[in-house]
Every structure is written in C-alpha cells, then in structure tokens.
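Structure first, commentary second.
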Amino acid sequence: LARVRDRAALSFTRAFYLALSSGMTVRQSFGVGRAAVAGTPELPDAKGESQKFILLPADANHDVDVFGDAPRGEFTDGTPPLPPNNLPALPDHFRGRTIELYHLVKSIMEDRLVTVTGPFGRGKSALAVAAARYLLERRYYHAAALVRMDEWTGAEWLWDRIAAAIGVQRRPDDSEFRRRLKDSSVLIVLDNCETVLERAKEMFQAALRTLLEDSTAVRVILTSSQCVGTCCSVTERVHRIPRLSDVDAARLLLARAPRSFYDAPAPDSILDPSVRQMCHRVPPIVGAVHRSQPHLPAPGAPAQPVPHH
C-alpha cells in the first residue's frame, strides 16, 4: 500500500477525465478536477488538498480539446455500491494520522484481532473508522459493522447489532447470520471497549472468542484505553496511538478555530507565535484541542492559560 489517503486523487481523476471526454480542454478539465476535490465530502481539508494538484508543464499549451471529435454517447456510472455497512463519515478534524492509518490497515490485513489503544481523546475511533472505510471501499471485505460498546448488555446484544449492520435478519436458529459470518469476509469495529472491559471483561472475552473462533473470515478492530488480553487462539495485535505532532496539532487547532481567526492575514498562521504558544500549552491530542477552542487568542495576542480537566 503506497498510500492510504488517495480519496483526493480518485475524485480528481474521475472529474478530470469525465470533463475531458465531454469536450472540455485540458485546462478546463483540470479546473473541474480541482473543484471536485475541494467539494469532496468526508475529505479532511478538501480545499487544501485541491491546491496540491498542479498543471504541468507550465509553459505548455493546455487549451486543447482532446476528445473534440469523439462521438457523443450516454454516460453510465458503473461504480458498484459499497458492501453492506454502517460506517459513518470521517469527522472533519481527522488529520495528521496518515502513518498510523497505513500501519493499522496493514495490521488488520495481516492479523484478525487488532486493538487501537491510547488515552481518551487521542482519536482512536476516527482512526479505526478510517481504516475500515479504506478497506471496504476497495472491496477487501464483503461487509463491515461498527458497534459502539457503551451500551453492552451481553453477547446477544452484540450479535443483533452486527447482524443489522451487515444486512442480515436474525432468526431463531441463527442459520443465516452464522452462515454469513462463516462464508463472507466481515470486518467488525468494536468501539469504546474500555467500559465493557471494566464491567464484564470475562463475558466480553467469551463473546469475542466465539466471534473469532467460529468464523475464521471475521476480522476485528477494537478501540480501548486498555488491551483485551488473551481470550482465544487468535493473537491480539496492539496499536498505540502517539501524540499528534506540534504542526498537526496547530493545523487541527486552526481548523477548529473561529473563522475570524482562521482568516487572519498572517501568511502562515501555523507559524503564528500565539498558535505555537497555545499548542505548547495544550497536550496535542484531539480532545484537548477541542477544549482549547474557547481560549484561542486573537492573532498576535498572548495566549491565555488553558484549564486542564
């Protein structure tokens, strides 16, 4: 996997070649492609990503209608729909995790049980969803399910939510549900597992053991502030999320800041002393950056202390 964040490239390529085949010039099609990237949903910093595309060589003639003489026909979108899933869109604040996303994707392709762990607010859930969406969009799995574990009541509760996510109606004998898990590759994300691990660890481990040992095609990503531990014959692989870098923390802070601050005339707001001072005061994790927003100073003003919770 050379890159794990290629949504911008896919959006640009689709729009560029569609415009080109519709009779537009290369320059016009390039503009259409850039606009498509800027308007791509679920793409963090879409406007910034669109500016990374450059029309080269700069001194060439790009006002050429490549397919001007091609006969016109009816366009048909042949893109197949996504497999059954209940994965949400990525949050706007998801950024600075390209390397971690690559490693998580690689891990879940190699191992069947991967736990994403780290302190509260570090972005475990967003990273797990991003990895699941990446793999599902490329048809590595026949279905994907996201289950928030905060309301866990037992194994039957878990089976009900997995079945609903992958489009299977549970019956008294559970034959259809079990057959789907055994015959199809299914990716399951169990989110916020720390609560159930504290309340009913043995019960949860037993359910996880049943899920993994009865269905060898199932793979599971867990998010939790603690590891699951040995619960079955499948080895748990642990991914600990590091802190965001200062630069990514600054970018996140600016992205979540009031528009008046974001539109400040500074040539590079990330290097503004007030932003650097704020990021130095705030631990660079997603939750802390969100809490710091009300205390963001005006450009050039001294940063105020941020309360710690």
Side-chain angles (χ1 to χ4, degrees), residues 42 82-91 94 101 104-105 107-109 111-118 120-137 140-171 174 176-229 231-232 234 236-239 241 286:
E42 306 172 15
L82 282 178
N85 75 93
N86 67 335
L87 300 176
L90 286 178
F94 183 75
L101 179 57
L104 180 55
V105 167
S107 294
I108 198 59
M109 293 181 68
D111 298 283
R112 296 183 55 218
L113 175 59
V114 179
T115 297
V116 181
T117 186
F120 172 78
R122 189 155 286 189
K124 300 183 294 293
S125 300
L127 181 62
V129 169
R133 290 194 66 89
Y134 176 86
L135 291 165
L136 192 69
E137 289 171 354
Y140 281 100
Y141 298 95
H142 297 113
L146 170 66
V147 181
R148 310 286 188 187
M149 300 297 292
D150 310 81
E151 300 178 1
W152 157 277
T153 58
E156 291 300 319
W157 174 91
L158 180 59
W159 310 149
D160 285 342
R161 276 147 185 79
I162 294 175
I166 65 177
V168 176
Q169 184 175 1
R170 294 192 67 192
R171 303 184 184 279
D174 254 358
E176 175 64 18
F177 178 58
R178 294 180 183 279
R179 183 191 63 79
R180 177 67 69 87
L181 292 182
K182 286 185 177 182
D183 297 345
S184 304
S185 56
V186 179
L187 178 60
I188 300 173
V189 179
L190 303 180
D191 191 30
N192 297 331
C193 294
E194 45 272 297
T195 301
V196 66
L197 285 172
E198 292 174 359
R199 290 186 330 200
K201 184 173 183 177
E202 292 184 0
M203 186 185 301
F204 175 65
Q205 287 179 331
L208 193 59
R209 180 167 55 250
T210 299
L211 184 63
L212 290 169
E213 293 186 348
D214 288 0
S215 308
T216 57
V218 168
R219 292 175 183 255
V220 178
I221 300 176
L222 286 87
T223 71
S224 174
S225 58
Q226 58 181 293
C227 302
V228 175
C231 66
C232 60
V234 178
E236 177 188 20
R237 185 163 178 175
V238 179
H239 268 271
I241 302 183
V286 175

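When atom types are taken as modelled, the side chain of Glu236 and the backbone of Gly229 share a donor-acceptor pair closer than 3.5 angstrom.
Summarising the local packing, CZ of Arg171 is surrounded by 12 or fewer heavy atoms from other residues, nucleotides or ligands at distances under 6.0 Å. Residue Arg178 places its CZ atom among 12 or fewer non-hydrogen atoms of other residues, nucleotides or ligands, all under 6.0 Å distant. Dense packing is recorded around CD of Gln226, with more than 12 heavy atoms of other residues, nucleotides or ligands lying under 6.0 Å away.
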Begin from the C-alpha positions of Thr223 and Asp191 and carry the test side chain to side chain donor-acceptor pair (under 3.5 Å) through to its verdict. CA-CA 5 Å; Thr223 71; Asp191 191 30; 2.4 Å; yes
Does the pair Glu194 and Phe120 meet the rule for a side chain to side chain contact (heavy atoms under 4.5 Å, CB included), with working shown? CA-CA 10 Å; Glu194 45 272 297; Phe120 172 78; over 6 Å; no
With side chain to side chain contact (heavy atoms under 4.5 Å, CB included) as the test, would you mind laying out the steps for Met149 and Leu197 before giving the verdict? CA-CA 10 Å; Met149 300 297 292; Leu197 285 172; over 6 Å; no
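The CG atom of Asp183 lies 10.0 Å from the NE2 atom of His142; values are rounded to the nearest 0.5 Å. In this structure, CG in Leu211 is found 6.5 Å from CG in Leu181, a value given to the nearest 0.5 Å. Considering NZ of Lys124 and CG of Leu104, their distance stands at 13.0 Å, rounded to 0.5 Å. Distance CG/Leu208 to CD/Glu213: 9.5 Å, rounded to 0.5 Å.
The aromatic rings of Phe177 and Trp159 are tilted relative to each other, their planes meeting at an angle between 30° and 60°.
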